[in-house]
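Order of listing sets the numbers, starting from 1, for every ligand and every atom in it. Throughout, residue positions are numbered sequentially from 1 according to the sequence presented.
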Amino acid sequence: MSEVFQNYVNGQWQASVSDATMAIADPNTGSVGSQVPTGAPEDAQAAITAAASALSGWARTPLTERIDAVKRLAEALNHRAEVLASTIASEVGTPLKISHYVQTMAPIRNCANFVKVAEAFEWSREVANSLVVREPVGVVACITPWNFPLHQIVLKVVPALLCGNTVVLKPSELTPETTRLFAEAVHEAGFPAGVVNIVNGNGAQVGMPMVTSKLVNMVSFTGSTATGQAVMREAAATVKKVSLELGGKSPSVILPSADLLRAIKGTLGGCMLNNGQTCNALTRVLVPEDKLDEFKTLIAAEVKKLTVGASLEATTRLGPVISATQQQRVQDLVRKGIEQGASVIASVTEIPSEGFFVSPMVLEVKPDNVLAREEVFGPVLSVLTYKTVEEAVAIANDTDYGLAAAVWGEPEEAMSVANQLRAGQVDLNGAPFNPLAPFGGFGMSGIGREAGSAGLEEFLEYKSIQQPLPAKE
Ligand code: NAD
């Protein structure tokens, strides 16, 4: 092993019981960067046992102390902000500036958001003769993907801890350095031993033993829909709580009344963010049929501005996708889409020859094309046309997913369309992301919500304690 990625279990650094490793390549060059542990079920078991032992103590720890610990974690992350931003840029391929603002500073600020939510939260209330109290679910397994590695960890671990749960975290095996930095920050924050445990490894060796363990009370999973389905299936045997944040094929509906150029810029930005590797990416744009020619001219000019290059270069707008597998997947889906009749409207062909780069592309497709139906998870925008607003709503909702959507147009009409869309969040006319609003999906985009008070509540149970009614006179 060229580098050792240790697990963090019961407040201590521990090597995996297995020597098995997998090679992780640098997305910018394609050459092998590090060898990371595949992990072993025993590593997961050790972490689960530590979390179960720490549970009753942490659940009884006053909220103010749990808040203080989360504040120390946020400080420890903040001290590492610069290195976190460059590490995520290197591991994921996110352009450095975006890595700084979106991948690093936003999740650090989100720790403070969760603290405010916890301070204002109604932890108990009276309902007739019942005292209804909110209690931690128990031991929570957090399984996270690679695309926004710190953000997705914070969205789970921080609210789970504030609620008094203990945590076993298995981040993506593709972002081991980010995991290492997060684990160091956890250690520095000084949580009691066993409250936060972090295990490196892949899904089969480490993730699945968490899902099936009797000692784990909840699995909070973010990742692909296929893995989410497996998690839900396997969690059924022990009837544990499952929250799933999965994939998407989110529509951007451009109404006839929209400012077309503004809508194009916003949609392209929403599709290409993080090199197209964003769960809520706007990957289907719906254009009025009679505006298609104008749309094509305008979007071609915008695509020309997308400079593709190494993620640490200041001029780069789009970096590589994360892995050779992902690169192949994107290229295969584009090829299949073209075989099924998709036609290229615009693309960037000037891309580095080394590394996992793919050409950003805009294609016109029919609603049954694979590029209109499947999540590509790369810089590919599919264009569909409609004749009436009613038809636009029908096409937008014609998906297995339902994570996000955007609507562009006259505000009242845009709101009316938003109300008809089956999606967990709808942005009107380029409105900014709100980290306090519930985030999650309809349909096969998942179950449950993250962020804000809804994201805190996911990690709580209800307990109703009934008191005798006063004796009748
Ligand atoms: P993935 O499903 O391959 O892996 C996600 C995590 O699950 C990783 O930690 C992986 O090791 C683990 N895993 C894999 N197989 C497992 C198994 N059998 N049991 C338990 N754990 C297992 O997803 P990915 O490629 O890392 O991430 C990309 C996907 O995540 C995309 O589909 C994207 O849309 C989705 N995503 C969704 C959201 C959201 O909030 N809805 C956010 C980000 C990413």
Please state whether the rings of Tyr8 and His187 are parallel, tilted or perpendicular, taking 30° and 60° as the class boundaries.
perpendicular

If you count only heavy atoms, which residues are under 4.0 Å from ligand 1?
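Residues Ile143, Thr144, Pro145, Trp146, Asn147, Gln152, Lys170, Pro171, Ser172, Glu173, Gly203, Gly207, Met208, Phe221, Thr222, Gly223, Ser224, Thr227, Glu245, Leu246, Gly247, Cys279, Glu375, Phe377, Leu403, Phe439 each place a heavy atom under 4.0 Å from ligand 1, listed by chain and number.
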
Would you mind listing every salt bridge (Lys or Arg N to Asp or Glu O under 4.0 Å) that reaches into residues 82-99, with sequence neighbours excluded?
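Every candidate salt bridge (Lys or Arg N to Asp or Glu O under 4.0 Å) pair involving residues 82-99 fails, so no pair, neighbours aside, qualifies.
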
Pairs meeting criterion salt bridge (Lys or Arg N to Asp or Glu O under 4.0 Å) with involvement of residues 420-445, two or more places apart
none

How about Val358 and Ile351: do any of their side-chain heavy atoms sit closer than 4.5 Å?
no

side-chain contact (heavy atoms from CB on, under 4.5 Å) assessment of Val70 paired with Leu162:
CA-CA 7 Å; Val70 163; Leu162 287 169; 3.7 Å; yes

Name every donor-acceptor pair, under 3.5 Å, that has one atom in a side chain of residues 451-461 and the other anywhere in the protein, sequence neighbours excluded.
from   : atom 1 : to     : atom 2 : distance (Å)
Glu457 : OE1    : Arg134 : NH1    : 2.9
Glu458 : OE2    : Arg449 : N      : 2.9

